[in-house]
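Heads up: numbering here begins at 1 and tracks the sequence. Note that ligands are numbered from 1 as they come in the structure, with each ligand's atoms numbered from 1 the same way.
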Amino acid sequence: MKIIGTGRAHPAFTLTNSMLEDILDTSNEWIMERTGITQRQIITDEKLEDLAAEAARQALDDAGLTAKDIDLLICSNVVNEYATPSLGCVVEGLIGAECPTYDINAACSGFVYALSMAEAYLRSGMFRRILILCAEEPTRMVSWQDRSTCVLFGDAAGAVVVTAGDEMKAIRITATPKRDVLRYERMLQPTPYITKSESDVPLVMNGREVFKTAVTSSIADVKGVLSDSGVDKDEVKYYILHQANVRIIEAIREHFKQPAEKFPRNVDKYGNTSSASIPVMLDEMSRKGCFKRGDKLVLSAFGAGFTTAACLIEWAK
Ligand code: COA
């Protein structure tokens, strides 16, 4: 598998920490110190499907392809306004693709999970050109009265086009049942026969537990893909980690004793954009000219589930 195009889209509205001070008992200092986030782009009047379509179009343009050239669209999404049809189907209509599509929900690990599926399809020869689209609006899952969660997230869409190649050197995905540390419960339609109690609860998180699990599992995953690919940690050009919190990124960087510039960050300006965070970072860095062909990149993510995923790829563009 190799990545041949990237794209991204962000909502227009910038919500700064000082704006949050007006609606919550919080402070810019607290948010900065505990998370490294200064602002986030959040959905107001836009629709997530339009951001997703924009990211998809950019990735296709970057790959020199049109929507009709795509054999499969894998869409990573936790919530959007439809439970069905899938967001993939909605976006397909917007961009004019004519291929099978489905959504996956591996929470913030969704991008690397989708890469692992694409790798298997490409190896089998079943599909030749796959669009992976991660479109997320976590700001619609949190309570805006809950200062411990709503300050953390932002909305975004990121996309890549992949095709057959030898650039995926190692990939690992994991899941462990840990519903209590991070969950969002939605109320389903009642029926005349439902007697159990049900609730509509915004995102609930045990931040400390997520923090510890994220650091230990990401370190294990990164070690795993380094050892599977036979690549030394110093040979890696960039470690592109899920952008949730600079302290999580720092703890992982310190463990591997790597310089700060190898662990790029954009969580300061976008917040945690769930599975969109890694493809957004890839697109941002690619367009800035940060990558050369053959650069070794480690991608590593964690999310609700608890899911984790990491891979080692060589840049192919
Ligand atoms: N502003 C001000 N105070 C806040 C606050 C906010 N936005 N949010 C929480 N606090 C308060 C808490 O109420 C608590 O007060 P108390 O001591 O009076 O009870 C205090 O700050 C410390 O809270 P705690 O949860 O222990 O802080 P922390 O150092 O663990 O940082 C997180 C909280 C959420 C920033 C941190 O745990 C974290 O980033 N965890 C990982 C979360 C994550 O990545 N989630 C997404 C996974 S994909």
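With Thr308 as the partner, the side chain to side chain donor-acceptor pair (under 3.5 Å) test is satisfied by one option alone out of Thr216, Asp221, Thr176: Asp221.
Under the 4.5 Å side-chain criterion, counting only non-hydrogen atoms from C-beta, Ile31 is in contact with Leu20.
The local environment of CZ in Arg140 is sparse, with at most 12 non-hydrogen atoms from other residues, nucleotides or ligands closer than 6.0 Å. For Arg186, the CZ atom sits in a loose shell: 12 or fewer heavy atoms of surrounding residues, nucleotides or ligands are nearer than 6.0 Å.
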Are there any protein N or O atoms under 3.5 Å from the N or O atoms of ligand 1? List them with distances, or say none.
{"residue": "ligand 1", "atom": "1 (N)", "partner": "Thr26", "partner atom": "OG1", "Å": "2.6"}
{"residue": "ligand 1", "atom": "3 (N)", "partner": "Trp30", "partner atom": "NE1", "Å": "3.4"}
{"residue": "ligand 1", "atom": "3 (N)", "partner": "Arg147", "partner atom": "NH1", "Å": "3.4"}
{"residue": "ligand 1", "atom": "7 (N)", "partner": "Thr26", "partner atom": "OG1", "Å": "3.1"}
{"residue": "ligand 1", "atom": "7 (N)", "partner": "Arg147", "partner atom": "O", "Å": "2.9"}
{"residue": "ligand 1", "atom": "13 (O)", "partner": "Arg147", "partner atom": "NH2", "Å": "3.0"}
{"residue": "ligand 1", "atom": "21 (O)", "partner": "Trp30", "partner atom": "NE1", "Å": "3.3"}
{"residue": "ligand 1", "atom": "26 (O)", "partner": "Arg208", "partner atom": "NE", "Å": "2.8"}
{"residue": "ligand 1", "atom": "26 (O)", "partner": "Arg208", "partner atom": "NH2", "Å": "2.9"}
{"residue": "ligand 1", "atom": "27 (O)", "partner": "Arg34", "partner atom": "NH1", "Å": "3.1"}
{"residue": "ligand 1", "atom": "29 (O)", "partner": "Arg34", "partner atom": "NH1", "Å": "2.7"}
{"residue": "ligand 1", "atom": "37 (O)", "partner": "Gly207", "partner atom": "O", "Å": "3.2"}
{"residue": "ligand 1", "atom": "39 (O)", "partner": "Asn245", "partner atom": "ND2", "Å": "2.6"}
{"residue": "ligand 1", "atom": "40 (N)", "partner": "Gly207", "partner atom": "O", "Å": "2.9"}

Practice item. Dump the intermediate steps for salt bridge (charged side-chain N to carboxylate O under 4.0 Å, His left out) on Asp166 and Lys2, then the final yes or no. Key: CA-CA 7 Å; Asp166 187 31; Lys2 63 178 176 185; over 6 Å; no
Exercise for review: Could you give me the CA-CA distance, side-chain angles and deciding distance for Glu250 and Arg265, then say whether salt bridge (charged side-chain N to carboxylate O under 4.0 Å, His left out) is met?
Suggested key: CA-CA 10 Å; Glu250 272 301 286; Arg265 304 161 180 183; 3.0 Å; yes
